[in-house]
Protein chains: 2
Amino acid sequence: MGVKERKERQKTEMREAILSAALKLFSDEGYDNVTMRKIADKIEYSVGTIYLYFKDKGEIFYELHNRGFAEFYKRQLSVQRIKDPIERLKAHGEAYIQFAMEYPEYYDVMFISRTPAKEIKKSEHWEEGERTYEILKLNIKQAMEAGYFKNVDLDVAAFSLWSFVHGISALFVRERLSMMPTEFLKPLISGALQFLGRAY
Amino acid sequence: MGVKERKERQKTEMREAILSAALKLFSDEGYDNVTMRKIADKIEYSVGTIYLYFKDKGEIFYELHNRGFAEFYKRQLSVQRIKDPIERLKAHGEAYIQFAMEYPEYYDVMFISRTPAKEIKKSEHWEEGERTYEILKLNIKQAMEAGYFKNVDLDVAAFSLWSFVHGISALFVRERLSMMPTEFLKPLISGALQFLGRAY
DNA sequence: TTAGTAAATAAACATCGTTCAGTTAATTAC
DNA sequence: GTAATTAACTGAACGATGTTTATTTACTAA
């Protein structure tokens, strides 16, 4: 009966196991320090098996890249229900940084890592990145209509806000904030977001 | 006579040739895609020769890392002669981003790349990074005394400004701004710096 | 039970960073 | 000027990497 269905299920389960192991390893040791054999060890299969589910190491990266963007986009959308445009913008920034801190491995893959091969560069899934940028611009525009961002170009404002939250996220993800005591980091970040708000 | 001197000279010349070839390759293809054999080919020596001048691949990286910070620090210092604290801060930010755009390979190695081995983490030469951070804080403090940054914590302000310029630099260096037409990038960046100035 | 198919393996390949025994060139000692 | 010593360099070799493959194992269907 459901033989085909079970096989299908097992196939996706195996893919999930590989992706999950790879994501954890990528996060702990970095893309280049993760070997296919390490992933194989972690899922307790031989190396060759992975190649039955993924073309190569880059495809594993690519899939994680896509999932990162999907989750990212979902979170960005979730703040859109906030009415006040300024509050919404703040929540937008917080959601951005929170995503980076919660899933540093995804954030890395999405916005920092050098893309292995050219496949990602102009890929379909960067569109999800552009879409979130459009949301940001929309939110800024509405803030403008509410009287904020006077005498500021929309593109400049969007670029500035993005750079700001990316800067924080990138420093955190690539561990350039080790001189900051962990307990001060959170207030520092929320302080920074508040500081940026003065420019609105 | 000057045999020792000549040998000394030749030794440093060889080191320079290796470093120069490595920097160009790192910049073009990324640290992990550069092989010792590629570097050897470029300087027209055998692989083994490189190991007479550098302990390993990481040491080449490390040396470039140090040089990046040295040049970086020099540039940061050079804006200190500007009297007006706000003008100085702006120049500071501009110098920061200009360094990143002029030497993306150095900036990468200094603030973005995952550090190979632990040697860099708490190394002596990160001090140069901390020193530039101290300069930034000093400049902000003087701007505060001149009446700016009212009701803002010094650490928050420093962190914010750094995150901001790093965000721009990192997006540029890791090519996440490819959707922005090149001719718009410069005005976008100077616009962003001006925008941030509204928060001072 | 058996033939056929899918899944998994282990061995092999080319290439990587690194090492080292051996070769060549330059310098010093006599 | 020749031999001995030192320095510079080479290229083959090692273990580990990503990937491919022939082969074995496990499951399915007749």
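Letters go in sequence order (proteins before strands), and every chain restarts at 1.
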(request) May I have the distance from Asp56(B) (atom CG) to dC16(C) (atom P), rounded to whole angstrom? (result) 17 Å

(request) Would you mind telling me which residue lines up with the more 5' stretch of DNA chain C, Lys11(A) or Thr35(B), judged by nearest nucleotide? (result) Lys11(A)

(message) In this structure, how many angstroms lie between the C1' atom of dT15(C) and the NZ atom of Lys38(B), rounded?
(response) 11 Å

(message) Using the ring pair (Phe, Tyr, Trp, His ring centres under 6.0 Å) definition, which of the options Tyr103(B), Phe111(B), Tyr106(B) pairs with Phe72(B)?
(response) Phe111(B)

(request) Would you kindly give the CD1-to-P distance between Ile50(B) and dT10(D), to the nearest whole Å? (result) 10 Å

(message) What's the closest nucleotide to the side chain of Arg37(A) if the choices are dG18(D), dT10(D), dC16(C)?
(response) dG18(D)

(request) Please check the phosphate of dT10(D) (OP1 and OP2 only) for any side-chain N or O of Thr49(B) closer than 4.0 Å. (result) yes

(message) As a test of reading the structure: which of dA26(C), dA13(D), dC9(D) is closest to the side chain of Lys7(B), going by heavy atoms?
(response) dA26(C)

(message) For the residue pair Arg15(B) and Phe54(B), would you count it as a cation-pi contact if the rule is NZ or CZ under 6.0 angstrom from the ring centre and within 45 degrees of the ring axis?
(response) yes

(request) Give the nucleotide from the list dG17(C), dT9(C), dT19(D) with an atom nearest to the side chain of Tyr45(A). (result) dT9(C)

(message) Taking only side-chain N and O atoms of Tyr53(B), does any of them lie within less than 4.0 angstrom of OP1 or OP2 on dC9(D)?
(response) yes

(request) Fit a plane to each ring of Tyr96(A) and Tyr107(A), take the angle between them on a 0 to 90° scale, and name the class: parallel (under 30°), tilted (30 to 60°) or perpendicular (over 60°). (result) perpendicular

(request) Round to a whole Å and report the spacing from NZ of Lys57(B) to C1' of dT15(C). (result) 12 Å

(request) Could you tell me whether Lys74(A) sits above the aromatic face of Phe99(A), with NZ or CZ closer than 6.0 angstrom to the six-membered ring centre and within 45 degrees of the axis? (result) no

(message) Of the listed nucleotides (dA8(C), dG18(D), dG17(C)), which one gets closest to any side-chain atom of Tyr51(B)?
(response) dG17(C)

(request) When you get a sec, tell me which of dG18(D), dG17(C), dC9(D) is the closest nucleotide to the side chain of Met36(B)? (result) dG17(C)

